[in-house]
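Below you'll find the structure, written out as structure tokens, and then a few comments.
As the structure lists them, so they are numbered: ligands from 1, and atoms in each ligand from 1.
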Amino acid sequence: MKFDNSAALLERARQIIPGGVNSPVRAFRGVGGVPPFIVRGEGCRLYDADGNEFIDYIGSWGPLILGHRFPPVMDAIREILEVGTSFGAPTEREIELAEMIRDAAPSCEMVRLVNSGTEATMSALRVARGFTGRDLTIKFEGCYHGHVDSLLVKAGSGMATLGIADTAGVPEAFAATTIALPYNSPEALEAAFKAHGDKIAAVIVEPVVGNMGCIPPSREFLDAMVRLTRQYGSVLIFDEVMTGFRVSYGGAQEMFGIKPDMSTFGKVIGGGLPIAAYGGRAEIMNRVAPVGNIYQAGTLSGNPLAVASGLAMLRHLKSHPEVYTQIDKAAKAICDAAPKGTAVNRVGSMFTMFFCEGPVTSWDTAKGADTERFKSLHRHMLESGVYLPPSQFEAAFVGAAHDDEAIAATVEALRRFE
Ligand code: KE4
């Protein structure tokens with residue numbers, strides 16, 4: 001495989017964009033030391049600037065559960081182009097999308113649309129603080145909730161990949177409002193609430209982690225979160241930006257039978273266009289301006305193109321529940337071919353092959369994975385035409401466009417890895 005054009009593009013990009021990328025996780029050193037610059041996506045495949053073809057298991061980091069250029073999504077976007085792109089005013093489709101989110105996740109009695117997962121979690125946190133009149137937040141080491149100042153404490157995703165323990169630029173005063181605990185530790189959570197319970201505004205959690213690699217929660221951990229937030233009057237926020245409409249149509253909260261006080265969504269609800277949402281109990285959400293005194297706003301929130309794209313996506317997923325069985329089965333087939341010496345975590349169609357002894361249940365166990373071995377696997381797969389997330393601390397995603405041929409080619413490439 002040649003990557004000369006991508007190398008030249010990276011050189012040019014670096015002159016004007018930090019690291020040549022608009023999000024750090026994209027700056028991985030693939031074969032030839034450069035990330036492929038992509039020119040086109042179709043179904044489950046990506047095509048780069050050197051004409052290379054890859055089976056894509058990133059899917060834009062989760063949104064493309066139905067693959068690139070899914071026809072109903074493309075048609076929905078084209079339809080909007082005939083009437084405009086943005087009005088800065090309410091539209092009917094925004095109501096429809098909010099209603100679909102509530103119907104999928106009934107804990108969200110009310111919903112506000114925003115433009116990114118970061119905006120969704122930042123807003124949910126502000127609302128939780130305003131609603132409770134408290135300042136402290138509990139998050140979990142290795143979880144990533146977007147680049148919100150106060151949540152970039154012991155965060156996962158690109159921070160874990162780049163080994164940035166705590167980012168510069170976040171005032172100590174902000175970081176001090178966040179308590180970072182080990183994931184899957186009911187004991188640590190209990191102790192934190194005993195010590196600070198009446199000051200804790202919210203617990204924000206990835207109900208299935210994707211951002212330190214895929215890690216499922218234990219039932220005890222989930223139950224402790226529900227019990228303690230109820231007991232101390234804190235807001236339980238399920239960050240379902242990645243898991244919403246991914247691990248099941250109703251997200252992790254449906255899978256686990258839990259009704260969090262608030263939830264955030266993103267990725268899948270936009271079908272690949274920039275959109276996210278936060279929502280929760282009406283009693284909480286009615287504190288948001290213009291009804292209440294907690295301010296949150298956005299020029300392009302509820303953007304007609306993104307909303308139409310998301311509606312087409314969710315309508316298809318709702319009317320084709322068999323998609324989830326299909327993608328879960330495909331992900332299982334791939335995980336069954338994982339290289340020896342890996343601990344595999346999979347929840348539905350998201351998975352990670354950790355190069356370490358299992359079980360991987362928290363950051364403490366994930367961080368011990370052999371990242372050099374992971375890099376070798378990633379390079380081997382890329383050379384085999386398979387595009388995995390370029391970090392041990394990310395989840396891979398299987399979508400409905402991954403056909404038998406793609407799965408077989410992926411399994412065959414995994415089997416050849418030594
Ligand atoms: P965005 O602001 O990137 O749209 O969403 C932030 C976010 C919030 N919550 C969860 C659970 C998330 O996974 C994310 C973003 N996920 C990463 C992938 N690990 C986005 C990829 C990137 O940063 O480029």
Salt bridge [X]-[Y], side-chain N to carboxylate O under 4.0 Å:
{"X": "Asp223", "Y": "Arg219", "value": "yes"}
{"X": "Lys139", "Y": "Glu206", "value": "no"}
{"X": "Lys259", "Y": "Glu109", "value": "no"}

Protein heavy-atom partner closest to [atom] - residue, atom, separation in Å:
{"atom": "atom 15 (C) of ligand 1", "answer": "Lys267 NZ, 3.5 Å"}
{"atom": "atom 5 (O) of ligand 1", "answer": "Gly117 CA, 3.3 Å"}
{"atom": "atom 24 (O) of ligand 1", "answer": "Ser23 OG, 2.6 Å"}
{"atom": "atom 8 (C) of ligand 1", "answer": "His145 C, 3.4 Å"}
{"atom": "atom 3 (O) of ligand 1", "answer": "Thr118 OG1, 4.5 Å"}
{"atom": "atom 21 (C) of ligand 1", "answer": "Trp61 CG, 3.8 Å"}

Just distances here: any N/O of [X] and N/O of ligand 1 closer than 3.5 Å?
{"X": "Thr121", "answer": "no"}
{"X": "Asp239", "answer": "yes"}
{"X": "Met242", "answer": "no"}
{"X": "Glu206", "answer": "no"}

Per-residue contact class, Glu394 against ligand 1 - non-hydrogen pairs under 4.0 Å | side chain
For ligand 1, is any non-hydrogen atom under 4.0 Å from His147's backbone (N, CA, C, O), its side chain (CB onward), both, or neither?
-> neither
From the options Ala120, Gly146, Cys143, select the one whose nearest heavy atom is closest to atom 7 (C) of ligand 1.
-> Gly146
Quick one: which of Val114, Leu151, Asn115, Asn211 has a heavy atom closest to atom 12 (C) of ligand 1?
-> Asn211
Are [X] and [Y] near enough that their ring centres are under 6.0 Å apart?
{"X": "Phe397", "Y": "Trp61", "result": "no"}
{"X": "His378", "Y": "Phe28", "result": "yes"}
{"X": "Tyr183", "Y": "Phe221", "result": "yes"}

Would you check if there is a donor-acceptor pair between the side chains of Arg246 and Ser349 at a distance under 3.5 Å?
-> yes
Thr264 side chain to Asp239 side chain, donor-acceptor N/O pair below 3.5 angstrom | yes
Taking every non-hydrogen atom, the tightest pair across Val148 and Thr118 | CG2-O, 3.6 Å
Between Arg287 and Phe131, is NZ or CZ placed under 6.0 angstrom from the six-membered ring centre and within 45° of the ring axis?
-> no
Atom 1 (P) of ligand 1 touched by protein (heavy atom, under 4.0 Å) = yes
